[in-house]
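Structure first, then comments.
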Number of protein chains: 2
Amino acid sequence: MNDEFQGSLREKVFAQLEEDIISGKYKEGQKLTENMLSEQLKVSRTPVREAIRQLELEGLVEAIPNKAIIVTGITSQDIEDIYEIRISIEGLAARRAAKNATDEILEKLRELVDLQEFYTNRKDMDHLVKLDGDFHETIFKASGSKTLRNILSTFHHNLKKARSDSFGKPARAKAVLEEHKAIFEAIEARDSIRAEHYMLIHVKNARNRVLGK
Amino acid sequence: MNDEFQGSLREKVFAQLEEDIISGKYKEGQKLTENMLSEQLKVSRTPVREAIRQLELEGLVEAIPNKAIIVTGITSQDIEDIYEIRISIEGLAARRAAKNATDEILEKLRELVDLQEFYTNRKDMDHLVKLDGDFHETIFKASGSKTLRNILSTFHHNLKKARSDSFGKPARAKAVLEEHKAIFEAIEARDSIRAEHYMLIHVKNARNRVLGK
DNA sequence: AACTGTATAATTGTATACAATTATACATAT
DNA sequence: ATATGTATAATTGTATACAATTATACAGTT
């Protein structure tokens with residue numbers, strides 16, 4: 001359990017279980033019990049149950065009534081599916097962001113890209129994975145669509161491990177930086193067509209990097 | 001509470017609250033309390049809390065820690081967004097379904113379309129709304145993608161009221177029937193391109209019917 | 001009248017006790 | 001040996017008690 005985390009136990013449990021499933025600590029098909037989780041995490045069953053209900057809706061576990069909690073996990077097929085869906089809708093999010101972004105959002109994006117450049121030069125992969133998530137999350141928020149944001153944020157969570165693995169080579173980190181820059185500049189110029197275009201290219205490249213194609 | 005429903009109290013509470021929010025009984029911005037809900041639904045706070053956690057993830061309520069539960073609801077902007085996203089990805093689901101559908105699935109779809117024809121002639125709108133949902137849900141399942149199914153099923157739930165309202169005129173019911181037939185025939189013929197094409201047309205028409213364009 | 005501090009109430013957060021359901025082990029019969 | 005019935009254990013489902021947090025009302029001060 002992460003002790004410096006501020007928030008409810010339920011949030012902590014949710015974050016921890018999500019992490020453990022996506023990272024592969026809990027494998028597909030594995031059976032979990034509420035008692036086991038509440039003992040491990042040193043909390044009562046109540047927050048565990050609430051977290052399980054959310055993971056269930058997110059599709060990471062399957063709770064069979066009165067029987068068990070089975071880990072579903074993220075299969076490689078799921079990863080391919082997610083990229084195919086992202087290719088279909090993340091351009092839309094970028095287009096909307098270019099229309100709706102406030103100056104505050106633009107400032108935030110600029111800062112993220114600058115930091116990304118800094119850490120790319122330092123080859124600090126952990127920070128880069130986090131910044132990559134923040135960059136996209138900021139665009140989702142700027143799109144002004146609750147629905148787009150919900151879906152795409154969940155995708156980014158679920159892809160965290162896959163993205164992390166693919167950040168291995170510095171050459172890739174540089175490519176990601178250039179792609180983000182192109183997207184940012186299009187949004188900054190309020191050019192929604194170009195923003196959509198470069199986002200599409202970026203997601204396609206990300207898919208190829210992750211799937212090794 | 002629906003007494004003939006088989007399942008846990010949590011599922012009943014979730015279904016009821018989802019229905020009440022989507023139907024507009026609980027309006028955007030309205031404040032709910034766990035005590036009020038548990039009294040009204042004659043259950044303890046435990047299943048209410050679990051249902052709230054799920055509604056939160058679905059974006060129908062916003063739970064502010066230690067303060068309140070605020071109804072977010074489905075705005076008309078959300079409906080437009082959902083149709084735009086459906087236009088981007090539901091064709092993909094149809095394409096996949098055409099590739100993967102088993103004989104059992106095809107039989108199910110045929111039955112649904114036949115029933116739809118029956119109720120269209122009878123102008124029985126309640127049954128038609130339900131059949132419309134079942135038809136699409138069957139295709140989502142047939143797509144073989146957990147992710148596509150999760151997203152599109154949630155959309156269909158959230159659009160239930162909007163779809164129900166738009167089924168008003170019998171002429172529209174007939175149009176929906178013809179569109180479903182075209183999709184089914186393409187899937188039956190394993191023609192994924194055609195399935196995607198007719199699904200795209202269908203969703204676009206559905207959007208225009210719902211948004212009155 | 002406006003502001004502030006404080007006691008009280010209301011609400012959510014968590015833990016625990018108990019009920020209902022399902023799994024398991026084992027004895028018994030065939 | 002296999003199958004079946006039954007007692008027991010394990011697990012989830014629900015209710016309730018209590019803790020922590022926030023809102024509200026009101027007295028007192030300026």
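Throughout, a chain's letter reflects where its sequence line sits, starting with A, and its residues are numbered from 1.
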- Note on the structure: A:Ile70 atom CD1 is separated from D:dT12 atom C1', nearest whole Å, by 13 Å
- Message: Mind checking if B:Leu32 touches a base, just sugar-phosphate, or nothing, with heavy atoms under 4.0 Å?
- Response: sugar-phosphate
- For atom CZ of A:Phe14, decide whether the heavy atoms of other residues, nucleotides or ligands shown that lie under 6.0 angstrom number more than 12. yes
- Query: For nucleotides 14-24 of chain C, read 5' to 3', which letter fits each nucleotide if B means a protein heavy atom sits under 4.0 Å from the base, S means only the sugar-phosphate is that close, and - means neither?
  - Reply: BBBB---SSS-
- Item | Between A:His156 and A:Asp132: side-chain donor-acceptor atoms closer than 3.5 Å | no
- With a non-hydrogen cut-off below 4.0 angstrom, is B:Ile64 in contact with a base, only sugar-phosphate, or nothing? nothing
- Query: Do the charged groups of A:Glu84 and B:Arg95 touch, with an N to O distance under 4.0 Å?
  - Reply: yes
- Item | A:Glu50/A:Arg45 ion pair, N-O < 4.0 Å | no
- Item | Salt bridge flag under 4.0 Å for residues A:Lys146 and B:Asp81 | no
